[in-house]
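In listed order, ligands and their atoms are each counted from 1.
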Amino acid sequence: MKKRVLYIISIVIILIGIISYFTLHRKESSYTNEYIEITPIATHINGMDFIDSATCIECHAQIVKDHYKTAHFNSFQPANKQTIKGSFEKDKNTLNLGDKVTFNFTEKDSGFYQEPIFNNQNTPFYSAKMDIVVGSGTKGQSYLMWNNNNLLQLQASYFTPTNSWINSPGAPDQLAPARPVLERCLECHTTYAQNISGSKNGSKFHKKNLVYGIDCQRCHGPVKKHVVHHKQNPNDKIAKHIIKYSSLSRQQRLDACALCHSGLRTETTERAFSFAIGDTLKKFSSPDYDESSLEDLDVHGNQYGLLKASKCFTNSNSLNCITCHNPHKKERGNISSFNQKCMDCHTTISKPINCSGDKEEIKKTRNNCIQCHMPLVKSKTMKIQIPDGDEVSVDVRTHLIGIYK
Ligand code: HEC
Ligand code: HEC
Ligand code: HEC
Ligand code: HEC
Ligand code: HEC
Ligand code: HEC
Ligand code: HEC
């Protein structure tokens, strides 16, 4: 009898053990599942979820830290004291538009405003809140406002070469209505925006389904599965569920940048917001200009067209944007690193450099190859008229590498 009781008790204990093992184990794995559930910050109309790029810090800390400082990441931001480069200080916070109107730029508790006043009146004609800043401020900035879901570009912009408020390039010399912002503008300056106008040429966007700045997912495409996999398999050091850059052809590599750096383009049926590294740009859009005429290519915004026409490009089979640029880093001004890229290749190609430029000058400029072979050239498109009639343009490094006098 006692033996049977002991026998039953031990069976019960074993059973409890087994059940609690499985229950606990199940709890643990469901806990992990909860842990890796990643909340999307926006969703592409094709169903792809966008997640916060802070999610990548856990495994790619340095890249994320560096990327936050780039012009790409800062190219489209909510407007605030830090992001607006134009001044709100007395004496710097006005802009004369012809001799009839003065723009005042004012800071209020509710935000930052553009307020044009007719010179014979006391109250502003309108007061428009700057909601979004376009442009990191390297060359200039443009300001957008929401009118319900309509996105509009305000008349006054900021121009870095003159460090002042300006009338937007292309705007008339008098008070003009705010311009509707089309999807095309956002495609190049931000990661994602959902057009709810029902047409490519509408300016209505979803205010919340919006990913500011050019972040990881604009270039690398869908990442959610990649993050979930690597969180679940922390020992897997081989990248999974992500497009492999190393496997791409030269044209695919170029296209990853040409999407936004080859001037204005007309879309085919595929939408630019669906493009990711590895895609073929030809399927998405074609240039709005004659590619064979160098005259039509501006130094601003068409690095692809100019580079492609350079001998460095046509006579080598590898040169692409990444040969010289690290897409994650703010590299502006790091001239010695760029010069090294010229040398990396020019000392390995069969013919030695016979740079018969002025030897003294070369020495003085510490072998600054770029100064002579990629000089600063005035942009034909990014320029303004200043009050005394002169034209001021931004200077841009030409990507037509060559011999200049
Ligand atoms: C839990 C860890 C983890 C997280 C979180 C993570 N990754 Fe990764 N990722 C990896 C590992 C491991 C690799 C392979 C080793 C490497 O290249 O660093 C990798 C590689 C990559 C690569 C290189 C692919 C190639 O060309 O070989 C890209 C791009 C990438 N990750 C993007 C992202 C982005 C964007 C995010 C954030 C949305 C992210 N990862 C979040 C673990 C992670
Ligand atoms: C989604 C569009 C888009 C893609 C894709 C893109 N860029 Fe850009 N890039 C921009 C815009 C917009 C700016 C201007 C940002 C600003 O200053 O506001 C810019 C600026 C730059 C700059 C100047 C940075 C500075 O410090 O002023 C470099 C260099 C650059 N891009 C290189 C690249 C390379 C290389 C690639 C491909 C790997 C690439 N871009 C892909 C849109 C893009
Ligand atoms: C085809 C892609 C494309 C479109 C469309 C586009 N941009 Fe840009 N934009 C760029 C690139 C690329 C740069 C940086 C180019 C360079 O420095 O050569 C740039 C630079 C700028 C800058 C200067 C940023 C800085 O700080 O240097 C501003 C401001 C700007 N764009 C505003 C706009 C606005 C506003 C629109 C829409 C109305 C627009 N852009 C449409 C690609 C585009
Ligand atoms: C402008 C496009 C662009 C953006 C934005 C971008 N990347 Fe990349 N990324 C690239 C390209 C191009 C490569 C390939 C570089 C190479 O092979 O030299 C790359 C390579 C990588 C790699 C693998 C090689 C390496 O450098 O370790 C990782 C990881 C990565 N990116 C993560 C990220 C993360 C995380 C972000 C956002 C914080 C991000 N990328 C934003 C274009 C981009
Ligand atoms: C991937 C290799 C590569 C890189 C990187 C490179 N080049 Fe070249 N470059 C070439 C080749 C190949 C030629 C053609 C040489 C020939 O035909 O003898 C060339 C030609 C030239 C020429 C002569 C152009 C002409 O029109 O006659 C100049 C000048 C030049 N490169 C300067 C530079 C400078 C400056 C840099 C850095 C900003 C640079 N290159 C980066 C490969 C490269
Ligand atoms: C041979 C080297 C080289 C290659 C290849 C190259 N770049 Fe550049 N890029 C430079 C240098 C040098 C600068 C000037 C950097 C500075 O002023 O600090 C520059 C500047 C830029 C700028 C800012 C222009 C300005 O003056 O404000 C953009 C945008 C840019 N590159 C995009 C690209 C894109 C897109 C590609 C590929 C189509 C590309 N680059 C290929 C060397 C290169
Ligand atoms: C002071 C201006 C200046 C500087 C700095 C300079 N070059 Fe040159 N380079 C020239 C001129 C001018 C020529 C044209 C010579 C001729 O055709 O007589 C030239 C020609 C060249 C050529 C074509 C000739 C050939 O060997 O095929 C290459 C390649 C070249 N330079 C590369 C470079 C590199 C790389 C650097 C940086 C280490 C550099 N240059 C720095 C002015 C300069």
Would you please say whether a donor-acceptor pair under 3.5 Å links the side chains of Arg218 and Thr191? no
Heavy-atom proximity to atom 37 (C) of ligand 5, picking from Cys345, Cys342, Gly402, points to Cys342
So, is Arg332 polar-close to ligand 2, with some N/O to N/O distance under 3.5 Å? yes
Can you sort out which atoms of ligand 2 are near Arg218, meaning under 4.0 Å from one of its heavy atoms? 1 (C)
Can you see whether Gln153 engages Ser142 through a side-chain donor-acceptor pair at a distance of less than 3.5 angstrom? yes
Among Leu151, Val394, Val134, Leu186, whose heavy atom sits nearest atom 32 (C) of ligand 3? Val134
Look up atom 5 (C) of ligand 2 and tell me if a protein heavy atom lies less than 4.0 Å from it? yes
For atom 24 (C) of ligand 3, what is the nearest protein heavy atom, given as residue, atom name and distance? Gly140 O, 3.5 Å
Quick check on contacts: which atoms of ligand 5 are under 4.0 angstrom from a heavy atom of Lys341? 5 (C)
In ligand 5, which numbered atoms sit nearer than 4.0 Å to a non-hydrogen atom of Ile403? 27 (O)
Decide whether an N or O pair under 3.5 Å exists between Gly137 and ligand 3. yes
Test of understanding: given a 4.0 Å heavy-atom threshold, classify the contact between Ile401 and ligand 5 as side chain, backbone, both, or neither. side chain
Can you tell if the side chain of Pro124 reaches within under 4.5 Å of the side chain of Ile117, non-hydrogen atoms only? yes
Min side-chain heavy-atom separation Asp131-Leu144 under 4.5 Å: no
Under 3.5 Å, is there a donor-acceptor pair linking the side chains of Asp298 and His300? no
Considering only heavy atoms of Gly263, which atoms of ligand 3 have at least one such atom less than 4.0 Å away? 1 (C)
Nitrogen or oxygen of His346 less than 3.5 angstrom from that of ligand 5: yes
Answer yes or no: is there a side-chain heavy-atom contact under 4.5 Å between Tyr289 and Leu264? no
Region of Met374 engaging ligand 5 - heavy atom pairs below 4.0 Å: side chain
N/O separation below 3.5 Å, Ser75 to ligand 2: yes
Just checking, is any N or O donor in the side chain of Asn104 or Thr94 under 3.5 Å from an acceptor N or O on the other one? no
Quick one: which ligand 3 atoms are inside 4.0 Å of a heavy atom on Gln153? 35 (C)
So, regarding Asn315 and ligand 5 (criterion: nitrogen or oxygen to nitrogen or oxygen, under 3.5 Å), is there a contact or not? yes
Does Lys240, at its NZ atom, have more than 12 non-hydrogen atoms belonging to other residues, nucleotides or ligands within less than 6.0 Å? yes
With a cut-off of 6.0 Å (strictly less than), are more than 12 heavy atoms of other residues, nucleotides or ligands near NZ of Lys200? yes
Nearest non-hydrogen protein atom to atom 2 (C) of ligand 3, with distance, is Cys188 SG, 2.0 Å
Under 6.0 Å from the CG atom of Asn317, do we count more than 12 heavy atoms belonging to anything else shown? no
Under a plain distance cut-off of 3.5 Å, with no hydrogens placed, do Ser87 and Asn93 share a side-chain donor-acceptor pair? no
Just by distance, no angles: are the side chains of Asn339 and Ser336 close enough, under 3.5 Å, to form a donor-acceptor pair? no
Judged by atom type as modelled, is there a donor-acceptor pair below 3.5 Å linking the side chain of Gln252 to the main-chain atoms of Ser249? yes
Any idea which atoms of ligand 2 are less than 4.0 Å away from a heavy-atom of Cys321? 35 (C)
Quick check on contacts: which atoms of ligand 3 are under 4.0 angstrom from a heavy atom of Met382? 22 (C), 23 (C)
Could you tell me which atoms of ligand 3, counted from 1 in the order shown, lie closer than 4.0 angstrom to a heavy atom of Arg184? 5 (C)
Of the protein's non-hydrogen atoms, which lies at the shortest distance from atom 14 (C) of ligand 3, and what is that distance? His300 CE1, 4.0 Å
Check: Ser157/Ser168 side-chain N/O donor and acceptor closer than 3.5 Å: yes
Have a look at ligand 3 and work out which part of Arg179, if any, has a heavy atom under 4.0 Å from it: side chain, backbone, both or neither. neither
Nearest to atom 17 (O) of ligand 3 by heavy atom, Glu187, Arg265, Lys139: which? Lys139
Flag the pair Gln155 / Leu175 as yes when at least one side-chain heavy-atom distance between them is below 4.5 Å, and no otherwise. yes
Note the single closest protein heavy atom to atom 16 (C) of ligand 2, along with its residue, its atom name and the distance in Å. Ser136 OG, 3.4 Å
With distance as the sole criterion, is a donor-acceptor pair present between the side chains of Asn201 and Ser199 under 3.5 Å? no
Show all protein N/O/S atoms under 2.8 Å from atom 8 (Fe) of ligand 2, or state that there are none. His72 NE2, His261 NE2
Asn148 atom CG, over 12 foreign heavy atoms within 6.0 Å: no
Could you see which bit of Gln303 sits under 4.0 Å from ligand 3, with heavy atoms only: side chain, backbone, both or neither? side chain
Quickly, which of Val299, Ile401, Leu306 forms a side chain to side chain contact (heavy atoms under 4.5 Å, CB included) with Met374? Name it, please. Ile401
Do Thr43 and Asn209 have a side chain donor and acceptor closer than 3.5 Å? no
Tell me every residue that passes ring-ring contact (aromatic ring centres under 6.0 Å, His included) with Tyr143, counting only those two or more places apart in sequence or in another chain. Trp165
Does any N or O of ligand 3 fall below 3.5 Å from an N or O anywhere on His189, backbone included? yes
Would you mind running through ligand 2 and noting each atom that sits below 4.0 Å from a heavy atom of Gly135? 18 (O)
Which ligand 3 atoms does Gly301 reach within 4.0 Å, using its non-hydrogen atoms? 15 (C), 16 (C), 18 (O)
Counting heavy atoms only, name the option from Ser379, Cys185, Ala258, Ser262 that's nearest to atom 36 (C) of ligand 3. Cys185
